[in-house]
Amino acid sequence: MRIGVLASGTGTILQSLLDADLPIVVVIVDRPCAATDRATAAGVPAEVVLRSSYGDEFDRVAYTHDVVDVLARYEVDLIAMAGFGTILEKPVHDAYPDRIVNTHPALLPAFKGWHAVQAAFDAGVKVTGCTVHLARLDVDEGPILAQEAVPVLSEDTVETLHERIKAVERRLYPAVLHELIEQGA
Ligand code: GRF
């Protein structure tokens, strides 16, 4: 099994995967970010597929093909999303059917989208959590592989809540990926 990780942010979820002795062969980022340094420090090649535009003119399908080309070059057979900030199009789902795993910082199907923690916080829920699932073309859809609840505390801010959720993701996500590998995913 050869895993490619897609990340955009601080890369703490990526770090948990790098620390978990998973067969990660490449990390792909869409912008300059700390995830690149984490990959390099772990001796894993980091590839930047730069997202050149955030406007209407962004060619999402062409961008997706560029990402798939890099994944193919590294002979990746399982993709792990770790906070990747660009929604990818159909070509990646065609190339990797049931082979894209994502972690989401809420209990799906509640609070889909990029601002899931803020949305849960604003809704005043007392319990939220995280979900590891197979990704589909529709964002934050797909079969759920694992979930874990995280209580919302009265003193929480969005930041402290997200940090507690991420602490769970950093344990749950590598464990699920190890299980998938054992099952021969
Ligand atoms: C995680 O909460 C993940 O679920 C979400 O983005 C966050 C990434 O965190 N999609 P980090 O940048 O790895 O710390």
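Start at 1 and go down the list; that is how both ligands and their atoms are numbered. We're numbering straight along the sequence, starting at 1. All values derive from a computational prediction rather than experimental measurement.
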Would Gly9 count as a polar contact of ligand 1, with the cut-off being nitrogen or oxygen pairs under 3.5 Å?
no
Result for side-chain contact (heavy atoms from CB on, under 4.5 Å) between Val101 and one of Ile79, Ile3, Leu145 points to Leu145
Taking heavy atoms and a distance under 4.0 Å, where does Glu169 meet ligand 1: side chain, backbone, both or neither?
side chain
Part of Met81 with heavy atoms under 4.0 Å of ligand 1, whether side chain, backbone, both or neither
neither
Distance under 4.0 Å to a non-hydrogen atom of Gly11: what atoms of ligand 1 satisfy this?
11 (P), 12 (O), 13 (O)
Side-chain ion pair, Glu163 and Arg170, N-O less than 4.0 Å
yes
Can you find a heavy atom in the side chain of Val5 that is under 4.5 Å from one in the side chain of Phe84?
no
At less than 4.0 angstrom from any non-hydrogen atom of His162, what atoms of ligand 1 do you find?
1 (C), 2 (O)
Using modelled atom types and a 3.5 Å cut-off, is there a donor and acceptor pairing between side-chain atoms of His133 and backbone atoms of Glu141?
yes
Mind checking the CD-CG spacing from Gln147 to Leu107? Nearest 0.5 Å is all I need.
5.0 Å
Minimum-distance protein heavy atom relative to atom 11 (P) of ligand 1
Thr10 OG1, 3.3 Å
Near Thr103 (heavy-atom distance under 4.0 Å), the atoms of ligand 1 are 3 (C), 4 (O), 10 (N)
Do Leu88 and Ile100 have side chains that get closer than 4.5 Å, going by heavy atoms?
no
Note the single closest protein heavy atom to atom 5 (C) of ligand 1, along with its residue, its atom name and the distance in Å.
Pro105 CD, 4.0 Å
For atom 6 (O) of ligand 1, the protein heavy atom that lies nearest, with its residue and separation:
Gly83 CA, 3.6 Å
I'd like to know if Asp59 pairs up with Arg51 as an ion pair, taking the criterion as any Lys NZ or Arg NE/NH1/NH2 lying under 4.0 Å from an Asp or Glu carboxylate oxygen.
no
Would Trp114 count as a polar contact of ligand 1, with the cut-off being nitrogen or oxygen pairs under 3.5 Å?
no
Regarding ligand 1, does Ile13 bring an N or O atom to under 3.5 Å of one of the ligand's N or O atoms?
yes
Numbered atoms and elements of ligand 1 in range of Thr12, under 4.0 angstrom, heavy atoms
11 (P), 13 (O), 14 (O)
Just wondering, do Glu75 and Val25 contact through their side chains at under 4.5 Å, heavy atoms?
no
